Amino acid sequence: MILPPDENYTDLTRQFDDYFSNHDKPGNPILQSSLRFGKGTPVANLPDVSLLPVAMNLEATRDNFLKFLEYVSSSGSRDSVSRMMDINSIQLNFPEGGEVVKDLSQKINFTVDMNTYYLTPKVAR
């Protein structure tokens, strides 16, 4: 499991930037329009682990939306080389006319509230 030694906002922002730039393609876009960090706090039953709340607004095709969910789902493994994350909630907004399930190129606006994890600092801040 990959847990950085502190919140490390800069590296996490770069990790997201790298992900979005690698997956944003003509005809299959993904765009992050905002990124907000909350205050990191220790996890109640795991004193050596803390969580950092993250919220972001994204616009993507259904295909890239599903790839993003897979990215978060596989985070924290040695194979993914990305810090561990989980999603608390997703708010989806479809364009006029609603969702077209079979259209993987349909654009979706979504807001994701998630947690990323890191090692709890040994010294209180």
Side-chain angles (χ1 to χ4, degrees):
M1 174 172 24
I2 297 177
L3 296 175
D6 57 27
E7 294 120 331
N8 208 335
Y9 300 100
T10 303
D11 282 351
L12 181 57
T13 301
R14 280 190 192 116
Q15 180 182 321
F16 286 133
D17 285 348
D18 288 346
Y19 176 83
F20 296 124
S21 68
N22 288 333
H23 288 82
D24 184 31
K25 306 288 182 204
N28 195 19
I30 186 165
L31 172 68
Q32 179 186 48
S33 59
S34 71
L35 176 64
R36 298 172 304 282
F37 295 105
K39 180 172 174 37
T41 57
V43 175
N45 56 347
L46 297 170
D48 291 338
V49 177
S50 291
L51 65 86
L52 177 65
V54 177
M56 63 180 78
N57 294 328
L58 301 161
E59 180 180 324
T61 59
R62 176 187 305 279
D63 181 51
N64 268 335
F65 170 69
L66 295 173
K67 286 177 184 174
F68 178 75
L69 295 180
E70 178 61 32
Y71 168 70
V72 173
S73 175
S74 67
S75 68
S77 72
R78 298 256 182 233
D79 295 335
S80 74
V81 193
S82 62
R83 79 160 70 186
M84 191 165 75
M85 300 177 260
D86 65 11
I87 294 176
N88 294 322
S89 68
I90 301 172
Q91 180 182 355
L92 300 171
N93 295 304
F94 293 96
E96 297 271 334
E99 178 182 20
V100 180
V101 175
K102 293 182 181 182
D103 183 4
L104 290 179
S105 66
Q106 180 183 24
K107 288 187 182 169
I108 303 169
N109 291 310
F110 56 103
T111 301
V112 179
D113 289 315
M114 56 194 289
N115 294 319
T116 64
Y117 295 87
Y118 60 96
L119 296 174
T120 302
K122 301 298 181 201
V123 178
R125 295 182 187 183

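As the structure is a prediction and not an experimental result, all values here were calculated from the model.
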Item to complete: Kindly work out whether a path of hydrophobic side-chain contacts (I/L/V/M/F/W/Y, heavy atoms less than 4.5 Å apart) joins Leu58 to Leu31.
Response: no

Worksheet item: Rounded to the nearest 0.5 Å, how far does CG of Leu51 lie from OG1 of Thr116?
Response: 8.0 Å

Item to complete: Of all the heavy-atom pairs spanning Thr61 and Ser105, show the shortest one and how long it is.
Response: CG2-O, 3.6 Å

Item to complete: Work out which heavy atom in Asp6 is nearest to a heavy atom in Tyr118; give both atom names and the distance.
Response: O-CB, 3.3 Å

Item to complete: Might you work through the side-chain contact (heavy atoms from CB on, under 4.5 Å) test for Asn88 and Asn115, ending with a clear yes or no?
Response: CA-CA 7 Å; Asn88 294 322; Asn115 294 319; 3.3 Å; yes

Item to complete: Please report the shortest heavy-atom distance between Arg83 and Leu52, naming the atom on each side.
Response: NH1-CD2, 4.5 Å

Fill in: Over all atoms of both residues, closest heavy-atom pair of Ile87 and Met114
CA-CB, 3.9 Å

Discussion item. Between Ser75 and Val72 (side chain of the first, backbone of the second, donor and acceptor by atom type, cut-off under 3.5 Å), is there such a pair?
Written reply: yes

Worksheet item: To the nearest 0.5 Å, what is the distance between CG (Asn28) and CZ (Arg62)?
Response: 12.5 Å

Discussion item. Strictly distance-based, threshold 3.5 Å: is any side-chain N or O of Asn64 a donor or acceptor partner for the main-chain N or O of Pro29?
Written reply: yes

Practice prompt. Of all the heavy-atom pairs spanning Thr120 and Ser50, show the shortest one and how long it is.
Written response: OG1-OG, 2.7 Å

Worksheet item: Side chain of Tyr19, backbone of Phe68: donor and acceptor closer than 3.5 Å?
Response: yes

Worksheet, complete the sentence: Heavy-atom nearest pair, Gln32 first then Phe16, reads NE2-CB, 4.4 Å

Without placing hydrogens or testing angles, list every side-chain donor-acceptor pair under 3.5 Å for residues 35-49, not counting sequence neighbours.
unit_1, atom_1, unit_2, atom_2, d
Arg36, NH1, Ser34, OG, 2.8

Discussion item. With salt bridge (charged side-chain N to carboxylate O under 4.0 Å, His left out) as the rule and sequence neighbours excluded, what pairs involving residues 11-26 come up?
Written reply: Asp11-Arg14

